[in-house]
Amino acid sequence: MTKTPAPLRLIVLPLACCAAVCACLLLSPARAAETLDLNALVGEALKNNPELSAGQHRVTSARHRIPQAKALPDPSVSAGYTNTGLSQYTFGNSYDALWAFGVSQTVPFPGKLVQKGRVAEKEMETLGLQLHALRLSTVARVKELYYDLFTAHRTIEILEDKAKLLEQVEKAALARYASGLGDQRDAVMAQTEKYMLAEKEQMVRQRLSTLEGMLNSVLGREVNSPLAKPAEPSKAPYKRSLEDLLVKASFDSPDTKARMKKVERAEAKVSQSKAEFVPDVTLSAGYSQKGWKVAQEPQAVTGPDGSELLGPAGIKQKWQDMWSAGVSVTVPLYFFVKQAEGLKESRADLAESRYDLEAGKNLVAAAIRENYAALQSAEKLSELFASGTLPKTRQDFQLAAASYAGGKGDIYAVVARLKSLLDYEAQYWIQLAEKQKAIARLESLAGFSDGLNIPKPLDDNGGSAKESPKEAASGAHSAQAKPK
């Protein structure tokens with residue numbers, strides 16, 4: 001049997017270890033660790049996100065404005081006194097002095113309050129749909145940050161694996177140099193690559209810290225709250241077609257439905273502006289009282305001796321109650337600068353709302369097409385990496401390592417192929433994450449989410465519906481991979 005020379009054995013052994021470590025790192029399953037539950041994160045965000053809480057209170061505030069808009073104006077109560085002269089209080093002594101009390105109520109022309117209430121209701125419904133859209137976008141945001149966080153963790157793992165492989169390559173280069181078959185520059189190059197990897201790892205860790213803070217912010221947590229590692233994204237193909245998504249969005253997109261409600265509100269505002277041309281009626285009623293003293297003629301009285309005497313003149317107090325009723329009507333005398341201009345303003349708002357609706361539909365359709373193209377691209381790239389690029393690059397690296405071990409190749413080829421191999425692996429996981437991010441955005445735009453019960457825009461009482469966090473987090477995304 002032919003024996004390998006001792007100097008060559010010093011080279012072959014590290015390279016064999018390098019290839020073995022490479023195969024172990026690239027073919028082994030994901031590292032076992034506690035994973036971050038996406039379902040729980042979505043439910044927590046729907047419950048604790050401060051923007052959602054603010055949106056909920058906006059809807060509640062708008063709901064309380066509806067009865068205010070439908071209510072009659074407050075009645076007026078008046079009291080007044082009319083005196084005769086300036087020198088003294090003459091009530092009860094003068095015929096013209098009186099106290100008067102009254103009450104009045106303005107009654108808008110029939111239909112005005114109905115229109116005002118309808119405008120307030122449409123405003124509340126618009127805010128409710130905007131809140132629903134905010135919920136969907138929050139779910140999508142949680143998913144995007146979740147998969148970005150996974151990419152950062154996986155990139156760090158790949159960089160650590162790459163550093164281990166470079167250590168093996170460095171040992172092989174040093175062994176080859178010690179045997180006189182290699183150049184010291186080979187070892188220096190391997191060491192330089194290690195330092196460059198440390199720099200990249202530090203940058204990725206900085207991004208990881210930023211992503212954790214952003215995700216905690218969306219969840220309503222303290223920004224420094226610890227987070228576990230996310231689970232791997234699903235590799236299952238997306239089954240919905242672009243046409244299905246566009247049709248779904250045309251009916252159920254929360255952004256489009258909110259813009260439709262804005263159009264309905266503008267139409268109600270036009271009807272309200274037309275009603276302003278009709279005068280309002282004010283009904284009033286009053287009560288007043290006055291009094292005066294009347295001198296009485298002297299009356300004959302019988303004296304002690306039986307004779308008739310003329311008594312002293314008397315004074316008699318008299319009171320008189322009075323009531324009044326009246327009707328007044330507002331006259332829209334300046335309608336050409338008030339009501340007419342208000343109607344023009346409402347019609348301009350209506351035209352703006354209609355154009356805004358068409359623009360919103362186009363934006364949603366364009367965003368769906370863009371994200372669907374990104375999804376297809378990420379799906380095809382990940383399949384290409386898994387079925388062709390990664391196996392071929394792995395084989396290329398193994399051949400380069402074997403050639404270097406046999407003294408035929410150089411370290412530049414080994415390092416270049418190692419960099420390509422692990423860069424392609426990083427890109428593979430990045431594309432899988434980008435696919436799930438595109439799916440999350442598509443679901444938000446189209447107005448649904450697989451396996452996720454998001455509260456309805458409005459409940460039976462006209463307010464935003466609520467549900468328990470457990471119901472909200474019953475299933476964040478059916479395509480999420482379960483930890484192994």
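Positions are given from 1 along the sequence.
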side-chain hydrogen bond (donor to acceptor under 3.5 Å, both in side chains) pairs, two or more places apart, involving residues 110-121: K70-E121, K112-D280
Under the side chain to side chain contact (heavy atoms under 4.5 Å, CB included) criterion, do L38 and K143 qualify, and how do the steps go? CA-CA 7 Å; L38 180 56; K143 292 179 180 180; 4.2 Å; yes
Where [X] and [Y] come nearest, the two heavy atoms and their spacing:
{"X": "V142", "Y": "A45", "value": "CG2-CB, 3.6 Å"}
{"X": "R58", "Y": "E51", "value": "NH2-O, 4.5 Å"}
{"X": "L350", "Y": "A266", "value": "CA-CB, 3.6 Å"}
{"X": "Q436", "Y": "Y147", "value": "CB-CE1, 3.4 Å"}
{"X": "L149", "Y": "L215", "value": "CD2-CD2, 4.1 Å"}
{"X": "A228", "Y": "T35", "value": "CB-C, 4.2 Å"}

Salt-bridge present ([X], [Y]; N to O < 4.0 Å):
{"X": "R259", "Y": "E264", "result": "no"}
{"X": "R265", "Y": "E123", "result": "yes"}
{"X": "K344", "Y": "E341", "result": "yes"}
{"X": "K262", "Y": "E125", "result": "no"}
{"X": "R154", "Y": "E232", "result": "yes"}
{"X": "K47", "Y": "E44", "result": "no"}

Is the number of heavy atoms from other residues, nucleotides or ligands under 6.0 Å of [X] [atom1] greater than 12?
{"X": "F277", "atom1": "CZ", "result": "yes"}
{"X": "F336", "atom1": "CZ", "result": "yes"}
{"X": "Q206", "atom1": "CD", "result": "no"}
{"X": "N362", "atom1": "CG", "result": "yes"}

How far apart are the C-alpha atoms of I368 and L242, what are their side-chain angles, what is the distance that settles it, and do they pass the side chain to side chain contact (heavy atoms under 4.5 Å, CB included) test? CA-CA 8 Å; I368 288 178; L242 177 60; 3.8 Å; yes
Are the side chain of [X] and the backbone N or O of [Y] linked by a donor-acceptor pair below 3.5 Å?
{"X": "S346", "Y": "G342", "result": "yes"}
{"X": "N49", "Y": "V218", "result": "yes"}
{"X": "Q68", "Y": "H64", "result": "yes"}
{"X": "S250", "Y": "V247", "result": "yes"}
{"X": "S273", "Y": "K269", "result": "yes"}
{"X": "S382", "Y": "Q431", "result": "no"}
{"X": "N216", "Y": "E212", "result": "yes"}
{"X": "T138", "Y": "L134", "result": "yes"}
{"X": "T256", "Y": "D252", "result": "no"}
{"X": "S225", "Y": "E222", "result": "yes"}

Hey, mind stepping through T106 and T282 against side chain to side chain donor-acceptor pair (under 3.5 Å) and telling me if it holds? CA-CA 4 Å; T106 299; T282 301; 3.1 Å; yes
Give the ring-plane orientation class for Y424 versus F385, where under 30° counts as parallel, over 60° as perpendicular and anything between as tilted. tilted
Quick one about [Y] and [X] (side-chain donor to acceptor, distance below 3.5 Å, no hydrogens or angles considered), yes or no?
{"X": "S209", "Y": "R205", "result": "no"}
{"X": "T151", "Y": "D148", "result": "no"}
{"X": "T393", "Y": "S420", "result": "no"}

CA sep, side-chain torsions, deciding dist, call: E144, K437, salt bridge (Lys or Arg N to Asp or Glu O under 4.0 Å): CA-CA 5 Å; E144 287 185 275; K437 289 165 61 178; 5.1 Å; no
Sorted by chain and residue number, the side chain to side chain contact (heavy atoms under 4.5 Å, CB included) partners of D349 (sequence neighbours excluded) come out as E345, E352
Is any side-chain heavy atom of P254 closer than 4.5 Å to one of S444? no
Apply the test side chain to side chain contact (heavy atoms under 4.5 Å, CB included) to residues F109 and V281: give CA-CA distance (whole Å), side-chain angles for both, the deciding distance (0.1 Å), then the verdict. CA-CA 7 Å; F109 194 85; V281 178; 5.8 Å; no
Any chance you could measure L363, atom CG, to D255, atom CG, to the nearest 0.5 Å? 8.0 Å
Side chain to side chain donor-acceptor pair (under 3.5 Å) assessment of S61 paired with R65: CA-CA 7 Å; S61 175; R65 287 196 292 270; 3.2 Å; yes
